[in-house]
Asker: 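I have a structure I would like to understand better, so I am pasting it below and will then ask my questions one at a time.
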Amino acid sequence: ARRSSEFTLPSPKSKAGHEGCFRTRLGELNKHRAPRMQVSQKTLLGASQTLTELLNRDAVQVELIPEKKGLFLKHVEYQITSRRFRASVCRRYSDFDVFHELLLQRFPYRMVPALPPKQMLKGVLAAVSEREFIEGRRRALRRFINLVAQHPVLSEDELLKTFLTFGGSDVQHKLREAFRRSGDEFTTCKIAGQAKEYLPPDAQGQFASSRELIHNILNLFHGLRDRAERMAARSKGNATDLLMFGRELSTVGSDAWPVPPLALASSNWGTLRHSLKGLSVEFALLADRAAQQGRREEDDVVEKLDFFLDLLRSYKDLSERPWHQQILQKHTNARKQTVNNMIQPRDPVSVEQLKSRIAQQEDAILTAELRCHFSLLCLHQETQLVFKYLQMTAHILGALINSQIQGHREMSEVWNDLHPKLSCLFGSSNGTSSTRTPAGEHPTPVTLVPN
């Protein structure tokens, strides 16, 4: 519909004539595009979908495949399993890289999440082991593919289906074939020619204010994510300390140094020392519960925050991309120069050439203008999508609260099991009861120093 041969260009006689010609061609171009879809603006902009519906579009698992043995072959492969397509395929990082590159070309006006780095950066190796880096990259790839699989537009594209389902040997070639058949979203969207009609009033102003708000939220959630990560690290550190504390108790209980008569007469140290050895089992269990709490905080809280931050970063990247207003301005300036040359031609023989150039430039201007409106419509949709995802804040807080409740309950159960053992151990010196505290009641403190 954008080919110049489909339209008749009247012979321009002035600048005003050219402006009228331009508006006429724009109307004809919109008329020749695909028929307008009968959808409401609310449905078009995705406002009718809830966050739960977005998150339930698909759940893609990314798991490491054990490294293949070989002298020179050393690369990481991932098992990708899609709930929606009921498919499981093997992918390498290079496959993700090609998929990401084609997504950016196919959807230049959509939020396409960034990929994690392929290799560790210089200076990171000292602080992060290779195993930790590979695990972090696996998590980041899982977030990336789920953000794509849950996007209202990206999730319906042939590129994603090919990536998640194609079981052949050369998925990269298959992906490039799928992209060549479609082109970018503007060339295939049925309402691209009417995008301006769907834009709300003052779309540019709304975008500017929304961008500032979302960028501010991104900075604030960076701080929340760092705090949550430190909480998970403290839980893991607590697990290490509890385990070492139990081992030290076991070491004390295993001490074979003979007890002198004076100690035997003044205390029952020999019996106490032997009893301490058995407490290491309970402290090992406490350490396991604390380690589980750290993993829970990492998987349920930190990972959700990372998912949300990846979404906000992709919006920030989208909002900072060069828009087609620049291209439109460039073509407009070139067209004005051509019109000036035609009004005052230096060479009468070049008039027909100028007419041809004007026709070509007007086609380019029409396309650039339509792309401008379409890019703004897409940006408006993506902004609404981000605001929809802001409700994830409640999910994140719920995950934090639930993890703390579960962790404290599990730790409390082990401490309650340990309490009667301490009561029996030191009962002769403080007279504490050896019965276990009923659930829901506070245990009687064990007094190790007589009053």
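Just so you know, residue 1 is the first one in the sequence shown, and it goes up from there.
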Asker: If we count only N and O atoms by modelled type, under 3.5 Å, do the side chains of Gln406 and Asn402 hold a donor and an acceptor together?
Answerer: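 Checked: Gln406/Asn402 side chains show no N/O donor-acceptor pair below 3.5 Å.
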Asker: Check ring-ring contact (aromatic ring centres under 6.0 Å, His included) between Phe307 and all other residues, then give those that pass, not counting sequence neighbours.
Answerer: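 Partners of Phe307 by the ring-ring contact (aromatic ring centres under 6.0 Å, His included) criterion come out as none, since no residue qualifies.
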Asker: Tell me the salt bridge (charged side-chain N to carboxylate O under 4.0 Å, His left out) pairs involving residues 210-224, sequence neighbours left out?
Answerer: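 Passing the test, one end in residues 210-224: no pairs.
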Asker: Can you pull out every ring pair (Phe, Tyr, Trp, His ring centres under 6.0 Å) where at least one residue sits in residues 78-98? Sequence neighbours excluded, please.
Answerer: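 The answer is Phe96-Phe163.
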Asker: Taking salt bridge (charged side-chain N to carboxylate O under 4.0 Å, His left out) as the test, write out the residues that go with Lys304, two or more places apart.
Answerer: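 Applying salt bridge (charged side-chain N to carboxylate O under 4.0 Å, His left out) to Lys304 gives none.
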Asker: May I have the list of side-chain donor-acceptor pairs in residues 140-150 shorter than 3.5 Å, sequence neighbours left out?
Answerer:
| residue | atom | partner | partner atom | Å |
| --- | --- | --- | --- | --- |
| Arg143 | NE | Asp310 | OD2 | 2.7 |
| Arg143 | NH1 | Glu303 | OE2 | 3.1 |
| Asn146 | OD1 | Val60 | N | 2.9 |
| Asn146 | ND2 | Val60 | O | 2.9 |
| Asn146 | ND2 | Arg142 | O | 2.8 |
| Gln150 | NE2 | Leu55 | O | 3.4 |
| Gln150 | NE2 | Asp58 | O | 3.1 |

Asker: Who pairs with Arg106 by salt bridge (charged side-chain N to carboxylate O under 4.0 Å, His left out), at least two apart in sequence or on another chain?
Answerer: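 Salt bridge (charged side-chain N to carboxylate O under 4.0 Å, His left out) list for Arg106, sorted by chain: Asp157.
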Asker: Scan residues 161-184 for pairs that pass salt bridge (charged side-chain N to carboxylate O under 4.0 Å, His left out), counting only residues two or more places apart or in two chains.
Answerer: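 For residues 161-184: Asp184-Arg371.
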Asker: Sequence neighbours excluded, which residues qualify as salt bridge (charged side-chain N to carboxylate O under 4.0 Å, His left out) partners of Arg289?
Answerer: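 In terms of salt bridge (charged side-chain N to carboxylate O under 4.0 Å, His left out), with neighbours along the sequence ignored, Arg289 is linked to no residue.
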Asker: Answer yes or no: does atom CZ of Arg230 have more than 12 heavy-atom neighbours from other residues, nucleotides or ligands under 6.0 Å?
Answerer: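 More than 12 heavy atoms, drawn from other residues, nucleotides or ligands, come within 6.0 Å of this atom.
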Asker: Tell me, which pairs form a salt bridge (charged side-chain N to carboxylate O under 4.0 Å, His left out) where one or both residues lie in residues 238-254, sequence neighbours left out?
Answerer: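 Residue pairs with at least one partner in residues 238-254: there are none.
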Asker: By salt bridge (charged side-chain N to carboxylate O under 4.0 Å, His left out), which residues pair with Glu410, not counting sequence neighbours?
Answerer: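 Once residues adjacent in sequence are excluded, the partners of Glu410 under the salt bridge (charged side-chain N to carboxylate O under 4.0 Å, His left out) criterion are Arg296.
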Asker: Looking at residues at least two apart in the chain, or sitting in another chain, which of them share a side chain to side chain contact (heavy atoms under 4.5 Å, CB included) with Leu218?
Answerer: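 Listed in chain order: His222, Leu309, Leu312, Arg313, Lys316.
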Asker: Can you sort out the partners of Gln404 under side-chain hydrogen bond (donor to acceptor under 3.5 Å, both in side chains), two or more places apart, ordered by chain and number?
Answerer: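 For Gln404, the residues satisfying side-chain hydrogen bond (donor to acceptor under 3.5 Å, both in side chains) (neighbours in sequence not counted) are Glu297.
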